[in-house]
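Computed from heavy atoms alone, side chains included, the values below leave out hydrogens, waters and symmetry copies. In what follows, chains are A, B, ... by sequence order, proteins preceding strands, each numbered from 1.
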Amino acid sequence: MPEGHTIHRSADELNARFAGKVIQASSPQSRFDAGADAITGARLKQAQAVGKHLLVTLTRQRKLTTLHVHLGLYGAWSYLDLKVLGEVPSPVGQVRLRIQTHAAVADLRGPTACELLDPEQVQALLHRLGPDPIAAGSDESKAWNVISTSNSPISVLLMRQDVIAGVGNVYRAEVLFRFGINPMTPGRLIGRDVWLAMWADLVMLMNQGVRSGQIDTVASEHLPEAMGRSPRIDRHGGEVYVYRRENMPCLVCSTPIAKAGLASRNVFWCPTCQR
DNA sequence: GGAAGATGACAAG
DNA sequence: TTGTCCTCTTCCC
């Protein structure tokens, strides 16, 4: 499931299979019939991730269209290699969009957004997103301008896509732990140096997530094995300090990890390490 | 078999 | 802050 690193991987996967190819599209679920018809026969130029948004540019008869996909909480892409399978399998479950060539199939399930945008709408979307730590050359100062003047908790600011694009509930919980910052700390109390270090940490962690496909944030000296405990892989597939570890001992100080609802999302932190 | 919950975001009040 | 939407998995009976 999707934070920014997942979407960047989706873009890479789609480019590897479909970039430069003429595609067929369909909506087995019938909820994107018109859109699928509109892009069938188009050439897929490029898939690009911006924060949690996926933008796929397609051309047909020299006309440019952009497919915009946002996975939301539980949307997902799955891929099938037709050279291995031999024939095109029927869609399983609720497939909103199927993209296909003679060689490959990509199925999209459960997205919050699956729509076609014109260039003005694409610009409007990009305009309302903050800097993406995964995109090379992103300007962190746009995020700092908001954070340094805001009374909102830093944990809320980190989730705002107009402040930083691509950070979700896991990365925010983990980066705050790594810097010993309490989630309720107002943004304006975060120092410039601390912010720059946090940004650099997000750049490192999220790029690592793009490469590995999972979120690992625990320093090697704090891994359970290094602490004499049995290895534990979290349900989401990576190794984390606090995310979804409520009531479990902190990997650093053994204090039970706390959990609270904030702005309708769960926040996790160590009450001792993050005073 | 059914409820609850999940790495998200939006609108309404 | 609450309600709503989207789909699948996990957990409990």
Rounded to whole Å, please give me the gap between [atom1] in [X] and [atom2] in [N].
X	N	atom1	atom2	answer
A:M206	B:dT7	CE	P	15 Å
A:L158	B:dG8	CG	C1'	16 Å
A:L73	B:dA4	CG	C1'	13 Å
A:Q208	B:dT7	CD	P	21 Å
A:R245	B:dT7	CZ	P	16 Å
A:R109	C:dT9	CZ	P	9 Å
A:D162	B:dA9	CG	C1'	12 Å
A:E3	B:dA9	CD	P	9 Å

* Using a strict cut-off of less than 4.0 Å between a Lys/Arg side-chain nitrogen and an Asp/Glu carboxylate oxygen, indicate whether A:D107 and A:R98 qualify as a salt bridge. =>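 Answer for the salt bridge query: yes.
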* Is any side-chain N of the basic residue among A:D81 and A:K83 closer than 4.0 Å to the acidic one's carboxylate O? ->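 No, this pair does not count.
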* Donor-acceptor under 3.5 Å (A:R109 side chain, A:V92 main chain) ->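 Looks like yes, one N/O pair under 3.5 Å.
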Can you find a side chain N or O atom of [X] that sits less than 4.0 Å from OP1 or OP2 on [N]?
X	N	value
A:K52	B:dT7	no
A:H70	B:dA9	yes
A:N266	B:dA6	yes
A:R96	C:dT7	yes
A:R244	B:dG5	no

* Which part of the nucleic acid does A:R265 contact within heavy-atom distance under 4.0 Å: base, sugar-phosphate only, or nothing? ->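 Base, at least one base heavy atom under 4.0 Å.
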* Would you classify A:R128 as touching base, sugar-phosphate or nothing, given that sugar-phosphate means primed atoms plus P, OP1 and OP2, and contacts are heavy atoms under 4.0 Å? =>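 Sugar-phosphate only.
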* Euclidean distance for P, C:dC8 against B:dC10 (whole angstrom) ->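 Going atom to atom, P in each nucleotide, I get 23 Å.
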* Asked: Expressed as a whole number of Å, how far does the P atom of B:dA4 sit from that of C:dT4?
  ->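 Straight-line distance between the two P atoms is 15 Å.
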* Do you know which of A:F179, A:W269, A:F177, A:Y171 makes ring pair (Phe, Tyr, Trp, His ring centres under 6.0 Å) with A:Y241? ->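 Exactly one option meets the ring pair (Phe, Tyr, Trp, His ring centres under 6.0 Å) with A:Y241, and it is A:F177.
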* **Residues A:Q94 and A:Q29: side-chain donor-acceptor under 3.5 angstrom** =>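 A:Q29 and A:Q94 do have a side-chain donor-acceptor pair below 3.5 Å.
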* Asked: Between CG of A:L189 and CE of A:M184, what distance do you get to the nearest 0.5 Å?
  ->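 If I round to the nearest 0.5 Å, the distance is 12.0 Å.
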* **Point-to-point distance, once rounded to the nearest 0.5 Å, from CD1 of A:I190 to OG of A:S148** =>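 Answer for the CD1-OG pair, A:I190 versus A:S148, is 10.5 Å.
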* To do: Please list, chain by chain and in numerical order, all residues satisfying ring pair (Phe, Tyr, Trp, His ring centres under 6.0 Å) with A:F32, sequence neighbours excluded.
  =>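 With neighbours one apart ignored, the set is empty.
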* Asked: Using 30° and 60° as the class limits, which term best fits the ring planes of A:W195 and A:W144: parallel, tilted or perpendicular?
  ->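 Judged by the thresholds at 30° and 60°, the geometry between A:W195 and A:W144 is parallel.
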* **Mutual orientation of the aromatic rings belonging to A:H68 and A:H70 [parallel < 30°, tilted 30-60°, perpendicular > 60°]** =>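 Because their plane-to-plane angle is over 60°, the rings of A:H68 and A:H70 count as perpendicular.
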Nucleotide of [options] approaching [X] most closely (side-chain heavy atoms):
X	options	value
A:N169	C:dT2, B:dA6, B:dG8	B:dG8
A:K259	B:dT7, B:dA9, B:dA6	B:dA6
A:Q94	B:dT7, C:dT7, C:dC6	C:dT7

* Can you find a donor-acceptor pair, distance only, under 3.5 Å between A:Y74 side chain and C:dC8 base? ->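 Check fails, no donor-acceptor contact within cut-off.
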* To do: Tell me which residues in residues 27-38 of chain A put a heavy atom below 4.0 Å from DNA chain C, sorted by number, or none.
  =>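 DNA chain C contact set from residues 27-38 of chain A: A:Q29, A:R31.
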* Are A:L262 and A:I257 connected in a single hydrophobic cluster, I mean Ile/Leu/Val/Met/Phe/Trp/Tyr linked by side-chain heavy atoms less than 4.5 Å apart? ->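 In one cluster with A:I257: A:L262, no.
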Table of protein N/O atoms under 3.5 Å from nucleotides 11-13 of chain B N/O atoms:
none

